[in-house]
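Hydrogens, waters and symmetry mates are skipped; everything else that's a heavy atom, side chains included, is used. Note that this is a predicted model, so its numbers are computed, not measured.
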Amino acid sequence: MSFLVILIKYMPVIQMVVMLVNDTLYCFDVITVNFNYLTGNSLLTTVLLYACSSVFKFGNWYRQIVTANFVVMTIGQIDIHLRLPMTDFQLLLSYYIVCILFLFIIVINKFKSKESCI
């Protein structure tokens with residue numbers, strides 16, 4: 001498998017981990033700079049990752065992780081533009097809840113189908 005395919009395959013997981021670590025450190029004032037731009041979380045990369053999942057025939061788990069990234073990005077954009085009535089910590093908890101929810105969905109689907117997640 002080429003390096004590009006491996007990078008594309010694990011990019012949604014890397015994006016989610018970097019986003020959660022960055023937002024957690026930012027929420028607790030460990031860092032003051034947003035590093036989410038390093039992994040390229042945007043609508044365009046989300047569309048590209050969905051297209052790559054069809055082209056390279058990645059499993060259903062891949063699209064679910066991309067969808068989780070999209071939901072978290074949407075919550076963040078709604079908060080930026082409409083200022084949701086919640087604290088930064090509550091917003092961070094909503095990100096974790098979305099990630100855990102999608103993780104449970106992926107695990108349940110994994111056990112229902114015998115498809116490999118790697």
Side-chain angles (χ1 to χ4, degrees):
M1 198 181 291
S2 73
F3 178 73
L4 177 65
V5 174
I6 293 172
L7 183 65
I8 290 171
K9 187 170 186 175
Y10 293 107
M11 191 56 158
V13 175
I14 294 168
Q15 286 176 332
M16 184 64 74
V17 168
V18 168
M19 185 272 308
L20 289 175
V21 168
N22 180 62
D23 290 346
T24 302
L25 293 176
Y26 187 80
C27 184
F28 293 113
D29 292 328
V30 175
I31 60 172
T32 58
V33 180
N34 188 351
F35 289 109
N36 283 338
Y37 64 87
L38 291 176
T39 58
N41 272 342
S42 71
L43 183 61
L44 186 60
T45 56
T46 302
V47 170
L48 177 68
L49 291 173
Y50 273 121
C52 288
S53 73
S54 296
V55 170
F56 295 115
K57 296 180 180 26
F58 293 146
N60 190 28
W61 68 273
Y62 182 85
R63 287 181 288 282
Q64 291 170 347
I65 294 173
V66 174
T67 304
N69 278 339
F70 178 72
V71 170
V72 169
M73 284 187 316
T74 303
I75 292 171
Q77 288 301 313
I78 290 171
D79 181 55
I80 287 171
H81 295 295
L82 300 179
R83 286 307 306 165
L84 296 174
M86 55 182 14
T87 64
D88 288 341
F89 186 72
Q90 291 170 333
L91 185 64
L92 181 66
L93 284 179
S94 71
Y95 294 163
Y96 276 100
I97 289 169
V98 167
C99 293
I100 290 170
L101 177 70
F102 274 91
L103 183 64
F104 280 135
I105 291 170
I106 290 169
V107 169
I108 288 170
N109 286 338
K110 166 74 170 103
F111 286 120
K112 283 186 178 180
S113 69
K114 299 302 176 193
E115 175 185 334
S116 175
C117 279
I118 296 179

Any chain of hydrophobic side-chain contacts (each under 4.5 Å) joining [X] to [Y]?
X     : Y      : answer
Phe70 : Val47  : no
Val17 : Phe104 : no
Phe56 : Val13  : yes
Val71 : Ile97  : no
Val72 : Leu101 : no

Starting at [atom1] of [X], measure out to [atom2] of [Y] and round the result to the nearest 0.5 Å.
X      : Y      : atom1 : atom2 : answer
Met86  : Leu92  : CE    : CG    : 10.5 Å
Ile105 : Ile100 : CD1   : CD1   : 12.5 Å
Met73  : Leu43  : CE    : CG    : 6.5 Å
Thr24  : Met19  : OG1   : CE    : 8.5 Å
Asn109 : Gln64  : CG    : CD    : 5.0 Å
Leu84  : Leu91  : CG    : CG    : 7.0 Å

Determine whether a donor-acceptor pair (N or O, by modelled atom type, separation under 3.5 Å) exists between the side chain of [X] and the backbone of [Y].
X     : Y     : answer
Asp88 : Cys27 : no
Gln77 : Thr74 : no
Asn69 : Pro12 : yes

Practice task
Evaluate whether atom CZ of Phe89 has more than 12 neighbouring non-hydrogen atoms of other residues, nucleotides or ligands under 6.0 angstrom away.
Solution key: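 At most 12 heavy atoms, drawn from other residues, nucleotides or ligands, come within 6.0 Å of this atom.
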Problem - Nearest heavy atoms of Thr45 and Ser42, plus distance in Å - result: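 Minimum heavy-atom separation between Thr45 and Ser42: OG1-O, 2.9 Å.
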Problem - Minimum heavy-atom distance Gln90-Pro85, with the two atoms named - result: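 What the structure gives for the nearest pair is OE1-O, 4.4 Å.
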Report yes if some heavy atom in the side chain of [X] is under 4.5 Å from a heavy atom in the side chain of [Y]; otherwise report no.
X      : Y      : result
Lys110 : Trp61  : no
Leu20  : Cys99  : yes
Tyr62  : Ile8   : yes
Val98  : Phe102 : yes
Ile75  : Tyr95  : yes
Met16  : Asn41  : no
Leu49  : Gln15  : yes

Exercise for the section: In sequence, state the C-alpha distance, the side-chain angles, and the governing distance for Ile6 and Tyr10, and then conclude on side-chain contact (heavy atoms from CB on, under 4.5 Å). Expected result: CA-CA 6 Å; Ile6 293 172; Tyr10 293 107; 3.9 Å; yes
Problem - Distance-only donor-acceptor check, side chains Tyr50 and Thr67, under 3.5 Å - result: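 Yes - a donor-acceptor pair under 3.5 Å links their side chains.
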